[in-house]
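So the structure is just underneath, and the comments pick up after that.
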Amino acid sequence: MTDLMRSAGLSYYPDVARSVGLDPKQMMRKVRLPLAVLDKPDTPIAVTSLRRLLELSAEASGAEDFGLRLAERGGLTNFGAVGLIVREQATVSEAIEAFSRFIHVHHDGMKLEVTRDKQTVTVTLHLRGRQPTAPRQSIDMALGSVHRIIQSLFSSDWRPLEVHLHYPPPHDRKRYRDFFGCRVTFNADDDAILLSAHDMERRIPSAHPLIASYLRKRIEAIETRPASWEEKVDEVVRILLASGDCTVERVAEHLACTRRTIHRHLAASGTSFSAILDAQRADLVTQLIDDPGRPLADIATQLGFSAQSAMARWFRGRFGCTITAWRKGVRPLAKRPGVPSASAA
């Protein structure tokens, strides 16, 4: 199953790539990442595609700290709603707990395990993937981002106790010590940040309890991430339709697979790409045509129809009336494929 994450993780990729002599668009094309996601931070992208991009970029540029460079540019804003709820917690301890609780909303395959003893709090990073362990650049980017977020909750002079990384040491260890501001142990058992238990009770001046409560309720309502192929395809189709660029080939790019893979998995689930596309079109078209100032030709183009007349025929077959009648308030029962309409019954 393909793990997905918000494309906000790529927000600073073009700047970092150019800073080490790479053409960001060319690199993204090599791993089949749609360029449009750079302007749409909430678009789902395959974690495997991001991993390939980071490893390829580090190799092509010779910058072994490429993942750290990305983490250095980012912060809470890159994590969307998860970042907001972290910022509004009363204490650093509560912020870290919230971060570990909701990180999967931003990244399907990322987990933070928080363990404590009397003196130390350990935040251990787990990245799910096809390999036994995630590639090094992905570890650097993820753990570096966690460090940056925790650091933002303190004053600028805060440092962790230690940082552990499971892979062998790089050529330039000093770069890692400078980034994390503490001793960095390589060839460790886990990828983790160790903090002083005393620091956990530090209060966050910007915290607002009412906003935190509101955000928690909102994020709990959306935290269940799509798990099946049908659900993940449905999520990507919904987002791409809204942007007017939805084809099975484009969806395959976001899921880092081929169109045949999508068709095969959906058939095994008892559905098809066309059925998912049809359902999402039906949901979106009723919102779009409620705006009388929006030309029907533009709506047809956004929904992927070859012409306005093709959309008109589809709409009548799907909803049992014309678009004009719908705009006038006619609301017959929508017909589903293979199910007779109410009037036919």
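Model, not experiment: these values are computed from the prediction. One-based numbering along the sequence shown.
- Within the 4.5 Å cutoff, the side chain of F273 has no heavy atoms near those of the R259 side chain.
- The minimum heavy-atom distance between V285 and M311, with the atom names listed, is CG2-SD, 4.5 Å.
- The side-chain contact (heavy atoms from CB on, under 4.5 Å) check on E162 picks up H164, R183, T185, L194, with sequence neighbours excluded.
- For the side-chain contact (heavy atoms from CB on, under 4.5 Å) test, residues two or more places apart in sequence or in another chain that qualify with A71 are S145, F179.
- A cation-pi arrangement, defined by a distance under 6.0 Å to the six-membered ring centre and an angle within 45 degrees of its axis, is absent between R73 and Y13.
- Between S93 and T91, the side chains place no donor N or O within less than 3.5 Å of an acceptor N or O (distance only, hydrogens not considered).
- L161 and F180 are not part of a single hydrophobic cluster, where members link through side-chain heavy atoms under 4.5 Å apart.
- Across every non-hydrogen atom of L22 and A60, the tightest pair is CD2-CB, 3.9 Å.
- Listed by chain and residue number, A310 satisfy the side-chain contact (heavy atoms from CB on, under 4.5 Å) test with S306 (two or more places apart in sequence, or in another chain).
- Aromatic pair Y176/F186: ring centres closer than 6.0 Å.
- Within the 4.5 Å cutoff, side-chain heavy atoms of F99 are placed close to those of V146.
- When every heavy atom of H254 is checked against every heavy atom of P44, the shortest pair comes out as ND1-O, 2.7 Å.
- Residues S196 and T120 form no side-chain contact, since every pair of their non-hydrogen atoms from C-beta on lies 4.5 Å or further apart.
- In this structure, T261 OG1 and L255 CG are separated by 10.0 Å, a value rounded to the nearest 0.5 Å.
- For the side-chain hydrogen bond (donor to acceptor under 3.5 Å, both in side chains) test, no residue two or more places apart in sequence or in another chain qualifies with D298.
- Legend: residues meeting side-chain contact (heavy atoms from CB on, under 4.5 Å) with P160, ordered by chain and number and at least two apart, are H147, W158, V163, C182, I193.
- Placement of M5 and I239 in two distinct hydrophobic clusters is found when ILVMFWY residues are connected by side-chain heavy-atom separations under 4.5 Å, directly or transitively.
- Counting all heavy atoms, side chain and backbone alike, Q308 lies closest to A300 at CA-CB, 3.8 Å.
- Between H106 and F79, the ring-plane angle classifies as tilted under the 30° and 60° cut-offs.
- Evaluation of the ring-ring contact (aromatic ring centres under 6.0 Å, His included) rule for F315 yields F319, W326 as partners, not counting sequence neighbours.
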